[in-house]
Amino acid sequence: MVISDAVRSAIDAEIAKYPEKRGALLAALHLVQREHGWIAPETAKAIAEIFEIRAIEVMEVVTFYNMFLDRPQGRHQVRVCTNLPCSLRGARELVHTLEQHLGVEAGETTPDGRIHLGHEECLGACAWAPMMRIDDTYYENLDAEQAKKILDSLK
Amino acid sequence: MPKITVDGASYEVAEGRTILQALDDQGVLMNGVDIPHYCWHPKLSIDGSCRLCQVEIEGIPKLQIACNTPVRDGMVIHTRNERVEKAREGVMELLLINHPLDCPICDKAGECKLQDYAFEYGVPHARTREPRRAGKKRVDLGPTIVFDQERCILCRRCVRFCREVPGTGELSVFSRGDQSVIETFPGEPLDNDYSMNVADICPVGALTTKDFRFKIRVWFLEDVPGICTGCAKGCNVHLGVANNRVYRYVPRRNDAVNGTWICDEGRLSYARIGADDRIAGHEVRQPDGRALPVSIDVALEEAAERLRGVIDRKGAGAVGILASPHATNEDLFVARRLLEALGSSQAGVAVRTGRSDALLIQPEKAANAEGCRRLGFGPAEALLERARGGAVAALLVLGHDALATQGPELLETLRGLDVVLLADSHRSELERVAQVVFATRVVAEKHGTLTNHAGRVQRVVPAVEPSFDAHAEGEIMWRLGRALGLPGFDGAWDLQAVSKALAETVPAFAGIDLASVPPDGVPRADR
């Protein structure tokens, strides 16, 4: 079974909140991705079946949003915000530093599968720029040394 | 009915239509009123994404997109003023920012809306210095279509087509913003019965068909209006002709028949016209079994001689015609007259059947099966049964569809006859059992009319000339009738006269002669 019973019932609970089934698609994708780490084609098909839409319509949504992954990536999602306020506060240099530190380019995963490094659009934490998101946690007011240490602490 | 004014001209239009739809209904869109557009298509839902069709409407401060703005009584629209043209120029500049401008190697060049509108509204220089977005140049979308990501302007016509017309929905826009790209679901190619239409509706060179790609520059092609002969639907097509060769079919719009689409199978059937297995000349079978190439006159004399023998021995009523559902109404009318002149009722037709759908594809795999019925040709089975029973001694066989429907048993039946004359366009087993073989023209090589499944009579004109001596079935039978000295078969072959006689004597064709059939055909009359 592609989607576990627990996730399936959580999806049904989300669907119940919306006047149209499709309204719960984003919530469902979050739930499924939490369980699987990414949205594989067969997972998209299973979701499409639940929502009575085409699998390709699920993929439209998956590929539209940065937070959904259409291929397996590292265990930890490290996303540095590079929108204007963060960039003014050195975010682009920060990305560059982290690229060198990890030996990968933004958009790539470390060979050990530990970290996927990437850019992120505004996460609404401009007052604490520059910032990054690691999985579901924000790290703010960063400087290069701090950020490297945080990455090193990831398992 | 709302009245609208467009560039000073008034139109009374239907309620609830948008400006582009209303102008299309009037038949003036791009035909007097030129509002450039990419994403809008008359047979697809409205997208409103390309922004090129902006027009000025009096009383509305901002320009509006004509594709998605409903008409209102008294609306005054301007499509050509400075403001509108400035907006188009802006849209074109944005659309061209990432366009690769690889027109010299693009197969769409010459029939590309991006080229046309860039020529009309584009600025002659780029204001950007940034590198153009790079993309994949040859994405294999499926068995029929190749996709160039760089040329795509994301109008989504292909996406909507797949969802709304065949209903298969293989295509979609993945990602967003300047990363947006048309894709298929992983491992599920673009593969449906109508897939190649996406290349027609692609306004740029992003989607091209594998079949036609790089065969010829389109500006060398002459578009000859014609009818697809793949099935009984009679889809209207343009035959793309150059060097006396048909390079492709593209759909020709006829809202009463095929709208703006044709099926892939029909589209590819053009290849039959110039196929290697054409019967490229008339033949008389020698006693030793070999086929001797002969002139039409010799073939006719041989055929008449053999028929005379049968008539003398068994009477003219023993001569039958197994008609072809690919022959024109005029050809079939001559067949009918020949039988009438002989006093024979031995007529039949074999129509190959196959897969059909609710959209265009008809079960009968011939363009004029309905015409045969209207001209009195019943099922081949009955005729062949009578032939097996000895009531038919000579059979003039048109085409080889009966081979497909009757199987090898047909050959046995024909071998049992005294005389078998074949008039056909493509080689088949039938040649082996015929004493005389006449090379016939295919629909794309002759004048005539065809009756589609719904009884609509449509006109065909020659798009190409065969490179060998071949004649319409009607002409062959006319000359055969003359060689036999049959009443009514005198004078030279005259298609116009035959057509006139058809219109005058067969009620189903009353008033329909070659000269009077308009480009979109004549619908079935309730008579």
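Chain letters run A, B, ... following the sequence lines, proteins first and then strands; every chain starts at 1.
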Would one find more than 12 heavy atoms of other residues, nucleotides or ligands at under 6.0 Å from atom [atom1] of [X]?
| X | atom1 | result |
| --- | --- | --- |
| B/Lys113 | NZ | no |
| B/Glu89 | CD | yes |
| B/Arg132 | CZ | yes |
| A/Trp38 | CH2 | yes |
| B/Glu265 | CD | no |
| B/Lys137 | NZ | yes |

Between A/Thr63 and B/Ser175, is there a donor-acceptor pair closer than 3.5 Å when you use the side chain of the first and the backbone of the second?
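Checked: pair present.
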Find the distance between OG (B/Ser172) and CD (A/Glu57) and round it off to the nearest 0.5 Å.
7.0 Å
Flag the pair A/Met59 / B/Thr184 as yes when at least one side-chain heavy-atom distance between them is below 4.5 Å, and no otherwise.
no
Under 4.5 Å from any heavy atom of chain A, what part of B/Ser180 do you find: side chain, backbone, both or neither?
neither
With a 4.0 Å cut-off on N to O distance, would you call A/Glu60 and B/Arg163 a salt bridge?
yes
B/Glu188/A/Arg54 salt bridge by N-O under 4.0 Å criterion:
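Salt bridge flag = no for B/Glu188 with A/Arg54.
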Residue selection (most heavy-atom pairs with chain B, distance under 4.5 Å) from A/Asn66, A/Val58, A/Asp70:
A/Asn66
